[in-house]
Protein chains: 2
Amino acid sequence: MEQAKRQTISTLDAGSRTLADRVCHQLKDDIITGRLSQGSKIVEEDLAREHGVSRGPLREAIRRLEAMHLVQRIPHAGARVVTLSEKMMSDVYSVREALEGMSARLAAEFIKPKEVDELWLLLEQHEKNIDETEGTVYFQREGDVDFHIRIAQASQNQLLVKSLSSELYQLIRMCRYRTAKAPSRPTKALGEHRQIVDAISRRDGELAEILMRRHISGAWQIARELLLKDHHD
Amino acid sequence: MEQAKRQTISTLDAGSRTLADRVCHQLKDDIITGRLSQGSKIVEEDLAREHGVSRGPLREAIRRLEAMHLVQRIPHAGARVVTLSEKMMSDVYSVREALEGMSARLAAEFIKPKEVDELWLLLEQHEKNIDETEGTVYFQREGDVDFHIRIAQASQNQLLVKSLSSELYQLIRMCRYRTAKAPSRPTKALGEHRQIVDAISRRDGELAEILMRRHISGAWQIARELLLKDHHD
DNA sequence: TAGCATTGGATTGTCAACAATATGAAGCAG
DNA sequence: CTGCTTCATATTGTTGACAATCCAATGCTA
């Protein structure tokens, strides 16, 4: 009954037991929100002083950010914040499509009854949030990520969960942040989520995969159009 | 004309510019070949002394191995070599299927004419190697990895290349090492590779993806049967 | 003036000592 | 005898100083 405490994934919690954890968490947010601008160079000593830690923990933090694809590092030459070009974002969505498509397929095969119930419950909460907040879809976005992560967990594939939640998740958040001004279409997304859960609960893996891939590739189309519009202003 | 020198991926070359690079490379091989047995605990100071470096570079090496999913680390509790259970291997092959399926699909869309020629050339060399070595299929295995990496590169998706070659590649090698006693079926694999390249060169992404996924899931079936047999001896 | 070697400064890589934390054994209460 | 507490030890986390490397500005030569 106390396994819930141990279950928290280290990359998600902010309470961080170690200095490197805390600095990594802060830097991660700084990069995603743009406080550390894209392409800017990272100087270890400066950042270390700025965050009140030694270079050791900071180096570890940077290495973890590298694993999240948030910084690019070259030996002896230093690290730079990743530049999120349209091409890069396209790459991210492609990988997402592949990984989450497999997620949905496996989830249909291996999901536990309890997890199905929890998914339906989650979607109900989403619907309420949409009705209440109407225009303010920020919470919906967080919930959206939650939804996708839960599907991955339902697949019972630990490597998939790790790849998505630890390695790709932050990059996805960064993409979202750039196209956050979108009016979005939470209702449509919710409907698609429902279809996916429905397919999964009916154990139709093939359909679940197709729906999930269409869902993600659709999201990319919307995001892409937004980027093009931004280019024209 | 000198871009070829710079093109070498840091995670692949053994000549390593930094101590952490070299130690990481050595540890990686130690884990894959079993010199560091699965599940064994990793003590920083011991390994550092053993490899003639300080704890600093060794810690970095371990963190990189963690990013390759070769070791699991718990704060303040230390790191252990990953245990490659059948379930774990199954997870790896599922992720491979998703990622490399997308690779093939994108390659069909974006591959350059020059790369198509190089792929056909590669397959010819494989055929020669099979004829010459007959039973000794070790080189084929190396070449096989080369084939899959090249498809990823042909997809023009940098994230895909990185995910496969840096993060998953070593885990795949480790799986292979466990099922290496297999008589394998290089000729059959070669035929499947041909089909895949054929589909790609005809720009049929959908088919290329299906063929690639079937190819990988087939390889897993073979490997799985081998594991079951091993269990019975 | 253009091109190249040199050198100074900045930045990363490496080291060894110190502090914080967890693991396991021993002792004690119940 | 069992379960908990306490404490010693081993191991990881952190720090600041030192060495190796790279980058750019400077001056020299043709």
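Convention: sequence-line order gives letters A, B, ...; per-chain numbering from 1. Here the structure is a predicted model, which is why all the values come from computation and not from measurement.
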Check your understanding: Is the shortest heavy-atom distance from the side chain of B:Ser37 to the side chain of B:Val81 under 4.5 Å?
Key ->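 Side chain of B:Ser37 against side chain of B:Val81, heavy atoms only: no contact under 4.5 Å found.
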Check your understanding: Under a 4.5 Å cut-off applied to non-hydrogen side-chain atoms, are A:Val95 and A:Leu99 in contact?
Key ->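 Sidechains of A:Leu99 and A:Val95: in contact.
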Between [X] and [Y]: side-chain donor-acceptor atoms closer than 3.5 Å:
| X | Y | answer |
| --- | --- | --- |
| A:Gln156 | A:Glu115 | yes |
| B:His51 | B:Gln26 | yes |
| B:His148 | B:Glu100 | yes |

**Study point:** Length of the line joining B:Ile74:CD1 and C:dT21:P, which is rounded to integer Å
**Key:**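 Distance, rounded to whole Å: 17 Å.
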**Study point:** For chain A, the stretch of DNA chain D it reaches, first to last nucleotide, under 4.0 Å of its heavy atoms
**Key:**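 Under 4.0 Å from chain A, the extent on DNA chain D is D:dG13 to D:dC22.
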Who pairs with [X] by side-chain hydrogen bond (donor to acceptor under 3.5 Å, both in side chains), at least two apart in sequence or on another chain?
| X | answer |
| --- | --- |
| A:Arg49 | A:Asp46 |
| A:Asp117 | none |
| A:Asn157 | none |

Check your understanding: Counting only N and O atoms by type, is there a donor-acceptor contact under 3.5 Å from the side chain of A:Ser85 to the main-chain atoms of A:Met88?
Key ->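 Present.
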Check your understanding: Which parts of residues 39-47 of chain A get close to DNA chain C, meaning a heavy atom less than 4.0 angstrom away?
Key ->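 A:Ile42, A:Val43, A:Glu44, in order of number.
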Point to revise | Sorted by number, the residues of residues 50-63 of chain A with heavy-atom contact under 4.0 Å to DNA chain C | key: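 Per residue number, the list reads A:Arg55, A:Arg59.
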Review point. Does atom CD of A:Glu45 have more than 12 heavy-atom neighbours from other groups under 6.0 Å away?
Key: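 Atom CD in A:Glu45 is not crowded, with 12 or fewer foreign heavy atoms closer than 6.0 Å.
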Point to revise | DNA chain D: 5'-proximal contact among A:Ala77 and A:Ala20 (nearest heavy atom) | key: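 Result: A:Ala20.
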